[in-house]
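These notes are about the structure you will find just below.
Below, chains carry the letters A, B, ... as their sequence lines are ordered, and counting in each starts from 1.
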Protein chains: 2
Amino acid sequence: MKSSAKEKILDAALSVIRAKGYSATSVDDLCAAAGVTKGAFFHHFKSKEDLAVAAAQYWSDMTGKLFAAAPYHAHERPLDRVLGYVDFRKAILQRSLPEFTCLVGTMVQEAYDSNPAIRDACARSINGHAHTLEADIDAAINEFGIEPPWTAPSLALFTQSVLQGAFILAKAKNGASVAADCVDHLRRYIEMLFSQPQVKEYAP
Amino acid sequence: MKSSAKEKILDAALSVIRAKGYSATSVDDLCAAAGVTKGAFFHHFKSKEDLAVAAAQYWSDMTGKLFAAAPYHAHERPLDRVLGYVDFRKAILQRSLPEFTCLVGTMVQEAYDSNPAIRDACARSINGHAHTLEADIDAAINEFGIEPPWTAPSLALFTQSVLQGAFILAKAKNGASVAADCVDHLRRYIEMLFSQPQVKEYAP
DNA sequence: ACGACCATACCAACCGGTTGGTATGTTTGT
DNA sequence: ACAAACATACCAACCGGTTGGTATGGTCGT
């Protein structure tokens, strides 16, 4: 049997925690969703916190594969790859709410102050994903020959900020359309950054 | 006695829930932080859920007063008021992490799927706050005589998306500087929207 | 003025159910 | 045979919520 209990528990964690949040998800919930017993759970994870850290890593692995295999990498021009990433994120919003939201974005809100191990695991996941954008952004900067007052890592993190915030708005409004609007603004911002001379700081 | 038990519980809710999250915050936690007994709690709130809904409203009232009294409204030009709002948000980031983050943004992540009453209360709070920006944005559109492909409500919600996402990144990285960077990007975007002809959709 | 009446505000003790976690098996793969 | 992979049974602590009760202060008829 390849899909072992451990993997079933991790899969269950992704969906259940994204729907209910980390604290509200009990170990029993996870076991029921995974179809395993508590004994199996504590055989593979020494605590609920340990599961959360493993789930964050598992989430990174899964999404890493998803984005690595996405078609936007095929674009020749760096800016097209960056905008292709944004379009790809927008396309994912078609799925249902608990399916397109972010596991680590949800967990870190509950754990940042009380559980450093989970917080750091979430930070690694977000930073790692943002990092995959930096090379293309830097290449686009070179392609356009601009000398922007911002850096590639900073813009990469900004895209994540918009997406994480869009998820929150989508949850509040119980629909994805507001998130799609936010992604549109993000796309327009990136287009503008590469389509014209940088504006000077506006200070009245 | 002016500061009654009810108000002490609500004040405690704002800080404790922002630090620990909604589910991880027990009624006993709230009572201990507020210095009241459980009897007092359930006298004023018929359930923990009821407290959460009331806390979201209380949060709206508090932040509403804060932003209504903020100095950026004094600017003559509408765009200066919009940018002044952004700068004001950035200034608030100086405070400590649990102090500058958003109660309803935290709660809605845990409640959107399992607790519609809390979700709707959070949505009202976010929408209400975003709405306070719309008049200035519309006035800025008129001032500049532009006909943008986006609407004032959409841009107002986008600002909230950036801020909510910035809070998540700040929690993950355990520091406010990444949030400040995001707000800088947001400011640059708004400046660009009003400082040049709109770019056409970029489609390779 | 004054007790009868009553609503509000609050309290300490308690309840049944759930929690994360453990102790002790039993099954399975090699 | 033997360890890793699972299952069963169980526990102490904690959970949200209820209980029966007290203290306070306002309102009413008289």
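Rounded to an integer number of Å, the gap from A:Asp28 CG to D:dT8 C1' is 13 Å. Atom C1' of nucleotide D:dA7 and atom CD1 of A:Ile9 are separated by 12 Å, given to the nearest angstrom. If you take OH of B:Tyr22 and C1' of D:dC15, they are 12 Å apart, rounded to a whole angstrom. Following rounding to the nearest Å, B:Asp29 (CG) and D:dC14 (P) show an atom-to-atom distance of 11 Å. We find that NZ of A:Lys38 is positioned 17 Å from C1' of C:dG25, with the value rounded to whole Å. We find that NZ of B:Lys6 is positioned 12 Å from C1' of C:dA9, with the value rounded to whole Å.
Note that B:Lys48 lies in the cation-pi zone of B:Tyr22, set by a 6.0 Å cut-off to the ring centre and a 45° limit from the axis.
Taking the six-membered ring for Trp, B:His75 and B:Tyr85 have ring centres at least 6.0 Å apart.
Summary of the strand contacts: B:Gly39 and A:Val27 both lie near DNA chain C, and taking for each the nucleotide with the nearest heavy atom, the more 5' one is attributed to B:Gly39.
Of the residues B:Ile92, B:Leu133, B:Thr132, the one that meets the side chain to side chain contact (heavy atoms under 4.5 Å, CB included) test with B:Phe67 is B:Ile92.
Between A:Ser26 and C:dT18 there is no side-chain polar atom (N or O) within less than 4.0 angstrom of OP1 or OP2.
Salt bridge B:Arg119/B:Asp113: absent, no basic N to carboxylate O contact under 4.0 Å. The pair B:Glu143-B:Arg77 meets the salt-bridge criterion, since a charged nitrogen lies less than 4.0 angstrom from a carboxylate oxygen.
Side-chain N or O atoms of A:Arg89 include none that pairs as donor or acceptor with a backbone N or O of A:Leu163 at under 3.5 Å.
Contacts of B:Ser23 with the nucleic acid, taken as non-hydrogen atoms under 4.0 Å apart, are absent.
Within residues 41-56 of chain B, the residues approached by DNA chain D to less than 4.0 Å at the level of any non-hydrogen atom are B:Phe42, B:Ser47, B:Lys48, in residue-number order.
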